[in-house]
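Down below is the structure, laid out as structure tokens.
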Protein chains: 2
Amino acid sequence: MTENTPGFDFAVSIDCVLFGFDGTELKILLIERNEDPFKDWWALPGNLVNNEESVDQSAQRILKELTGLGDIYMEQYYAFGDVNRHPQGRVISVAYYAMLRLGGDKPLKPLSSYAKKAQWVNVASLPKLAFDHQHILNKGLEKIKRRIKHLPLAFELLPEKFTLTQVQSVYELILGKKLDKRNFRKKILSFKVLKELEEKQRGVSFRAATLYKFDKRKYNKLFGKEISF
Amino acid sequence: MTENTPGFDFAVSIDCVLFGFDGTELKILLIERNEDPFKDWWALPGNLVNNEESVDQSAQRILKELTGLGDIYMEQYYAFGDVNRHPQGRVISVAYYAMLRLGGDKPLKPLSSYAKKAQWVNVASLPKLAFDHQHILNKGLEKIKRRIKHLPLAFELLPEKFTLTQVQSVYELILGKKLDKRNFRKKILSFKVLKELEEKQRGVSFRAATLYKFDKRKYNKLFGKEISF
DNA sequence: ACAAAAGTGTTCGCCCTACACCCATGA
DNA sequence: TCATGGGTGTAGGGCGAACACTTTTGT
């Protein structure tokens, strides 16, 4: 335990809930810890905030250290501050989520030594998590359930070109319920933020679906108006 | 500046945005600081988190110290963590908001000495605030604008018995726009969480309005369903 | 030919919006 | 009697929900 100037004896950490979509399942990125406490447990990627960086910058740095990715839309969603959430001292953790495109082209970069490995894990079949990370994750899931109704989070999970069925899958996984195909397509197209491409799906053993792109320009023009599922 | 165990050299504070409604205006509670930095400036009520209390408990304690009120619905909404937000060291501040009933029956209790006085101030005509408190407040206002569409925040600002016009005023002030009287009444009554009383308004020099009460029982039964403005 | 997913319209009910006048009360 | 806010209904348009079959493609 630490002995410090009263009032200045806290640590602040970031924990990241990184969502990914592999075409079928909703995944999150976990690391296997290589240090006590909770050595060998699975945990959310996270680390302490340095003294010379803001918490937002820290979140970006930690995400970059763990994945090699920068410039990711990342949103703070809650600060967890129970007294005993960390066994080695008073640590307040600020949680962020991000939506990431999975794909072989973006391998996970080497990690700091406190993690043995990082791995994408299906949200539906998680191991026991270290600290209060299950709680942090649950709150993150609730958050994106609400936010995906107003923000275009789904397209950040999908490849640049995607089919409407893939978009629908993402919504169904996050909201946890089936949606009607015709109604879904009508609605998502009614926002006018998807651009239909000439191109079609390839390599599937059934009728190839039309590919679409998310049109960020048009989306930005909607600013102020709400999209709503 | 402080010299501490690396990693455990942060302070964590709470800042509270306390909303109140006096029948006409939306107010927030400010204090006038009696200590440097920002001596003599107006600021949001807040204080450092103690080592042996959770941030939620700390928020409750601080609110109680400043107002004498306990058991207030208080919600954390953001953590502010810029490097130089506090001139005397690295302080992360976790912001909470609460909706309070104003009224002479609940005077503000004596304050800790770091405040000269506390005062309800009209949100529409604020003084310059210390630290990044204007920013914290702005973010709080955005937050309640969204939340009042789904949560019964308005009734926490109102006296136990209130008229429909008063409810409408609160919504108009928070949303920053006029609403149609007939449509508003239809909608608010359609949620079935208001109980019409036998009683009428007294002491007004025009037709007395019917008084209503918020029915928490019925509201709790709605759990899961969303109310939506 | 069959398996698998793509793609497509209509109907109905509900909710949101816009809109204006009479009523009750106290001064 | 006047000034002030209280209280009330309806019509039209738009949106969300329910619902099933044909098309395309690869094997």
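Here dG26(C) presents its P atom at 11 Å from CZ of Phe206(B), a figure rounded to the nearest Å. Rounded to whole Å, the distance from CZ on Phe162(A) to C1' on dA5(C) is 18 Å. What separates CZ of Arg182(B) from P of dG5(D) is a distance of 18 Å, to the nearest Å. Per the geometry, CD belonging to Glu196(B) stands 11 Å off C1' belonging to dG7(D), to the nearest Å. dG13(D) atom P lies 17 Å from atom CG of Asn183(B), rounded to whole Å. Taking atom CZ of Arg207(A) as the reference point, atom P of dT8(C) lies 8 Å away to the nearest angstrom. Atom NZ of Lys200(B) is separated from atom C1' of dC23(C) by 11 Å (rounded to the nearest Å). With rounding to whole Å, Lys181(A) atom NZ is found 11 Å from dT22(D) atom C1'.
If you look at Tyr219(B) and Phe155(B), their ring centroids are not closer than 6.0 Å. Residues Tyr171(A) and Phe184(A) place their aromatic rings such that the two centres sit under 6.0 Å apart.
Within the 4.0 Å cut-off from OP1 or OP2 of dA4(C), not a single side-chain nitrogen or oxygen of Ser205(A) is found. Within the 4.0 Å cut-off from OP1 or OP2 of dA6(C), at least one side-chain nitrogen or oxygen of Thr165(A) is found.
A donor-acceptor contact under 3.5 angstrom links the side chains of Arg185(A) and Thr165(A), judged on distance only.
Checking each of Phe21(B), Trp120(B), Phe19(B) against Leu102(B) for a side chain to side chain contact (heavy atoms under 4.5 Å, CB included) leaves exactly one that passes, namely Trp120(B).
Proximity of residues 184-194 of chain A to DNA chain C (heavy atom under 4.0 angstrom from any strand atom) is restricted to Arg185(A), Lys186(A).
Taking the centre and axis of the six-membered ring of Phe229(A), the NZ or CZ atom of Lys187(A) falls inside the cone set by 45° and 6.0 Å.
Checking dC19(C), dC19(D), dA6(C) against the side-chain heavy atoms of Ala209(A) singles out dA6(C) as nearest.
Here Thr163(B) lies out of heavy-atom contact (under 4.0 Å) with every strand.
Salt-bridge annotation for Arg85(A) and Asp132(A): present, with a side-chain N of the basic residue lying under 4.0 Å from a carboxylate O of the acidic one.
For the pair Phe80(A)/Lys139(A), a side-chain contact is recorded, criterion being any heavy-atom separation below 4.5 Å from C-beta on.
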